[in-house]
Amino acid sequence: MADEAGDSGDRRTEQIAANLAAVRRRVAAAARTAGRDPAELTLVAVTKTFPVEDVRRLLRLGVTELGEARDQEARIKAREVPEARWHFIGRLQRNKARSVAAYAAAVHTLDRPELVDVLAAGTERAGRERLDVLVQVSLDGDPDRGGAPAGAVGKLADAAEATGRLHVAGVMAIAPLRADPDAAFAELARIAERLRADHPAATAVSAGMTGDLEAAVRHGATHLRIGTALLGGRPPLPG
């Protein structure tokens, strides 16, 4: 049985390695087509619902930037694999914000004022000097998918920076369902440019997933959140 388990683990590692190579080829090709350097792009491997063993496989393969969407799962993985850089990419509940601030290298989903002080307090309580946050922008107005209206991004960034604990690193968005991702990410690029006028250090653009990474790269994405193309279809959530 031990040999079977080892063989299964080796096969899983080989599968992820092959997927990773394919993703890196896609990213490099997209960058070349857009006239960009692939080194400008950060791959955030989305590990939500996958076991910590897959996290460790990714680390052994050189992937250190990892994304999670639920605090209950993310904080356990962050405790077990502290050497990774954890990106919180899910809709953030106010009562989870302090917990997330203790372990996340970056929070991609700051989308409403009520989160600002809670994230700042959590950062201070954890003994951390600063926490990187990205303002999530709504490109479709769907409240269930999160995101601040484009017109609110500047004020939200100002409030975050005013805490002295939050550093606005840039913007994040999810392309609308059944819409042209090129148009969506072009709009995000314009919003990001306006934000940089007042916050020059807000250079990160978190956009693009398995199905639309090429469009995101064309429009200036710096962080690509890739899950399915790396790890396959998601196992069901527990409970």
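Along the sequence shown, the residues carry numbers beginning at 1.
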Would you compute the distance between atom [atom1] of [X] and atom [atom2] of [Y] and round it to the nearest 0.5 angstrom?
X	Y	atom1	atom2	value
Asp117	Thr163	CG	OG1	7.5 Å
Arg12	Gln15	CZ	CD	4.5 Å
Arg225	Leu213	CZ	CG	11.5 Å
Thr42	Leu224	OG1	CG	8.0 Å

Are any of the side-chain heavy atoms of [X] and [Y] separated by less than 4.5 Å?
X	Y	value
Arg218	Asp182	yes
Thr47	Glu73	no
Val63	Arg24	yes
Ile226	Val44	no
Leu110	Val116	yes
Phe185	Asp212	yes
Leu134	Val107	no

Please check if atom CD in Glu83 has more than 12 non-hydrogen atoms from other residues, nucleotides or ligands closer than 6.0 Å.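 More than 12 within 6.0 Å, yes.
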Can you tell me if Glu129 has over 12 outside heavy atoms packed within less than 6.0 Å of its CD? no
Under 3.5 Å, is there a donor-acceptor pair between the side chain of [X] and the main chain of [Y]?
X	Y	result
Trp86	Arg75	no
Arg98	Ala126	no
Arg57	Ala17	no
Ser138	Gly141	yes
Thr109	Gly90	yes
Lys77	Pro51	no
Glu80	Val52	no
Arg165	Leu119	no
Asp132	Ala106	no
Ser99	Lys96	no

In sequence, state the C-alpha distance, the side-chain angles, and the governing distance for Arg91 and Asp111, and then conclude on salt bridge (charged side-chain N to carboxylate O under 4.0 Å, His left out). CA-CA 9 Å; Arg91 188 79 191 275; Asp111 66 352; 3.2 Å; yes
Taking all non-hydrogen atoms of both residues into account, name the closest pair between [X] and [Y] and its distance.
X	Y	value
Leu139	Ala173	CD1-CB, 3.6 Å
Leu131	Ala105	CD1-O, 4.1 Å
Asp140	Asp142	OD1-N, 3.0 Å
Ala28	Pro38	CA-CG, 4.0 Å
Thr13	Leu61	O-CD1, 4.3 Å
Leu188	Ala207	CD2-CB, 3.8 Å

Decide whether [X] and [Y] are clustered together by the hydrophobic rule: side chain heavy atoms of Ile, Leu, Val, Met, Phe, Trp, Tyr closer than 4.5 Å, transitively.
X	Y	answer
Val135	Met172	no
Val171	Phe88	yes
Val55	Val46	no
Val137	Leu92	yes
Ile89	Leu41	no

Does Glu214 come within less than 4.0 Å of Arg26, counting only side-chain N to carboxylate O?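 Salt bridge between Glu214 and Arg26, a charged N being under 4.0 Å from a carboxylate O: yes.
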Flag for Arg130-Thr123: side-chain donor and acceptor within less than 3.5 Å: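 No pair is found: no donor N or O on one side chain lies under 3.5 Å from an acceptor on the other.
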Glu40 versus Thr222, side-chain donor and acceptor atoms under 3.5 Å: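 Distance-only check fails for Thr222 and Glu40.
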Parallel under 30°, tilted from 30 to 60°, perpendicular over 60°: which one fits the rings of His87 and His223? tilted
Donor-acceptor pairs are to be reported for all side-chain atoms of residues 189-200 against protein atoms at under 3.5 Å, with residues two or more places apart or in another chain.
from   : atom 1 : to     : atom 2 : distance (Å)
Arg190 : NE     : Glu187 : OE1    : 3.2
Arg190 : NH2    : Glu187 : OE1    : 2.9
His199 : NE2    : Asp158 : OD1    : 2.7

For the pair Glu65 and Arg85, evaluate salt bridge (charged side-chain N to carboxylate O under 4.0 Å, His left out) and give the outcome as yes or no after the intermediate values. CA-CA 5 Å; Glu65 310 280 342; Arg85 278 178 49 84; 3.0 Å; yes
